[in-house]
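Step one of this worksheet: look at the structure below.
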Amino acid sequence: MQAGDEISLIDYLTVALKQKKLIISMTLIASLLSALISLLMPKVYKAEAKLLLPSGQTSPNTASQVLSQLSSVPGIAIGGLNIKTTNDLYTALLKSRPVLDKIIERFDLHSNKTTSLQSTRDSLLMALKTYDDKKSGILTIGVEHKDPKMSASLTNAFVEELKSLILNLAVTEAGERRLFFEEQLKSAKESLIKAEESLRGFQEKTGAIRMDEQATAVIGSVSELRARISGKEVELKVMRTYATQYNPDIQMIEEEIRGLKAELNKLETKGSGHNPESLMPAGKIPAIGTEYIRRLREFKYSEAIYEILLKQYEVARLDEARDSAVIQVIEEAIPPENRLRPKRTSMVITGTLIGFILSVLTAFLMHYIQGKKAYISSE
């Protein structure tokens, strides 16, 4: 067996020596070709920035609310994203369409109108690379580009646009409250403008109506109470999104609402006027100018609810600024000195090795074919 193996090895070496010119030629050609290809390939650089994001787990509810504010991420289904940590959430935001479009507009990357905007997004997304170090919590981002300075500029721009996007999104509990009150405030402002225009139009049409001071005071009190009740109901609705029914703060607000409604009911109830705590029962307001009173009441109510919501919005905004997640830039991207690819030495070594293997296989194949022909001719 050993003799057979020795003979086979000698045979192999003999075949290789016979075809040494072929083997050397093919190996050299492969080596030269791989070197030429590596020289012709464009240089690609990658500048990197390291970010330290807020630690802790991101709740699925918060993550879904944040991502629902975004347009769809190109090439990625948001519903399929497995978001567990803060870094996962911010990586998804980094690859979102709003950020990509800002980068494209900022650097005029879609100057070639022959390609679609989506193709430009896809190309930029392919150039963007992220790496999340689970142990340290550091998120590394980089952009591959043929120009090292452009690579650094794009990477730093991604960081800036991510910060800008986060400022406009509710990523904290305070942010959710701010966003909710912001929408309510817009609606209240529109209602206030309509009520003001309605009252002014009525006055211009019918002439100024002079009201009894007591009646005006009652209207103001009723409107203010209604506005306070509405404000508390809005606050209660917000709290129920993140707290249970047994939360002491929720129970306290519910008790306040019941007290305000009781006070409003007492003020609006038609009585005999014997209640010393009431300025004047609403039922005793003179019938003259009823329409004006109604419009004035709506204006006072809209004005009061707007002021209450504005205060709540400012509180939520300050809380958000205090609790907002801060992205700390550990290392800004700088133009890299060394290219990412092509790795010319590795390419030449790999090409030479492949050329050598192919040349040896070719030599043995030629030897086999020649042996076959010699055997057939001998018969």
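Predicted model, so just to flag it, every value in this text is computed and none were measured. Computed from heavy atoms alone, side chains included, the values below leave out hydrogens, waters and symmetry copies.
- Closest approach of Ala195 and Ser302 over heavy atoms only: CB-OG, 3.8 Å.
- Other residues, nucleotides and ligands contribute at most 12 non-hydrogen atoms within 6.0 Å of the OH atom of Tyr368.
- At most 12 non-hydrogen atoms from other residues, nucleotides or ligands lie less than 6.0 angstrom from CD1 of Ile334.
- Counting only distance, with no hydrogens or angles, the side chain of Ser31 and the backbone of Thr27 share no donor-acceptor pair below 3.5 Å.
- Rounding to the nearest 0.5 Å gives a distance of 10.0 Å between CD of Glu197 and CG of Leu192.
- Side-chain contact between Ile103 and Phe107 is present, with heavy atoms from C-beta onward closer than 4.5 Å.
- Considering all non-hydrogen atoms of both residues, Pro98 and Leu165 come closest at CB-CD1, 4.4 Å.
- Proximity of a side-chain donor or acceptor of Ser123 to a complementary backbone N or O of Ser119 within less than 3.5 Å is detected.
- The minimum heavy-atom distance linking Ile23 with Ser359 is given by the pair CG2-OG, 3.3 Å.
- Counting only heavy atoms from C-beta outward, the side chains of Asp88 and Asp132 approach each other to under 4.5 Å.
- Within the 4.5 Å cutoff, the side chain of Glu256 has heavy atoms near those of the Met252 side chain.
- Using a cut-off of 4.0 Å between Lys/Arg side-chain N and Asp/Glu carboxylate O, Glu105 and Lys102 are scored as not salt-bridged.
- Within the 4.5 Å cutoff, the side chain of Thr345 has heavy atoms near those of the Ile349 side chain.
- The two residues Ala188 and Leu309 have their closest heavy-atom pair at CB-CD1, 3.7 Å.
- We find the CG-CG distance between Leu94 and Leu89 to be 11.0 Å, quoted to the nearest 0.5 Å.
- Distance CD1/Ile354 to CG/Leu33: 12.0 Å, rounded to 0.5 Å.
- For the atom pair Leu358 CG and Leu365 CG, the distance stands at 11.5 Å (nearest 0.5 Å).
- Side-chain contact between Leu100 and Phe158: present, with at least one pair of heavy atoms (C-beta onward) separated by less than 4.5 Å.
- Salt bridge annotation for Lys311-Glu314: absent, with no cationic side-chain nitrogen under 4.0 angstrom from a carboxylate oxygen.
- Contact annotation: the side chain of Arg106 approaches that of Glu160 to within less than 4.5 Å [non-hydrogen atoms, C-beta and beyond].
- Contact record, Glu337 with Tyr45: O-CE2, 4.2 Å, taken as the closest heavy-atom pair.
- Rounding to the nearest 0.5 Å places CG of Asn338 at 10.5 Å from NZ of Lys43.
- Dense packing is recorded around NZ of Lys134, with more than 12 heavy atoms of other residues, nucleotides or ligands lying under 6.0 Å away.
- Panel note: side chain Ser151, backbone Val143; a donor-acceptor pair is recorded below 3.5 Å.
- Counting heavy atoms from C-beta on, the side chains of Gln118 and Asp122 come closer than 4.5 Å.
- Hydrophobic cluster membership is shared by Leu128 and Ile104, with clusters built from Ile, Leu, Val, Met, Phe, Trp and Tyr side chains linked at under 4.5 angstrom.
- Applying the 6.0 Å contact sphere to CD of Glu332 captures no more than 12 heavy atoms from other residues, nucleotides or ligands.
- The side-chain hydrogen bond (donor to acceptor under 3.5 Å, both in side chains) test with Glu144 is passed by exactly one of Lys129, Arg341, Lys46: Arg341.
- For the pair Leu162 and Leu93, the minimum side-chain heavy-atom distance is below 4.5 Å.
- At distances below 3.5 Å, not a single donor-acceptor pair connects side-chain atoms of Ser38 with backbone N or O atoms of Met347.
- Nearest heavy atom pair, residue Arg121 against residue Asp101, reads NE-OD1, 2.7 Å.
- In His367, the NE2 atom is not crowded: 12 or fewer heavy atoms of neighbouring residues, nucleotides or ligands sit closer than 6.0 Å.
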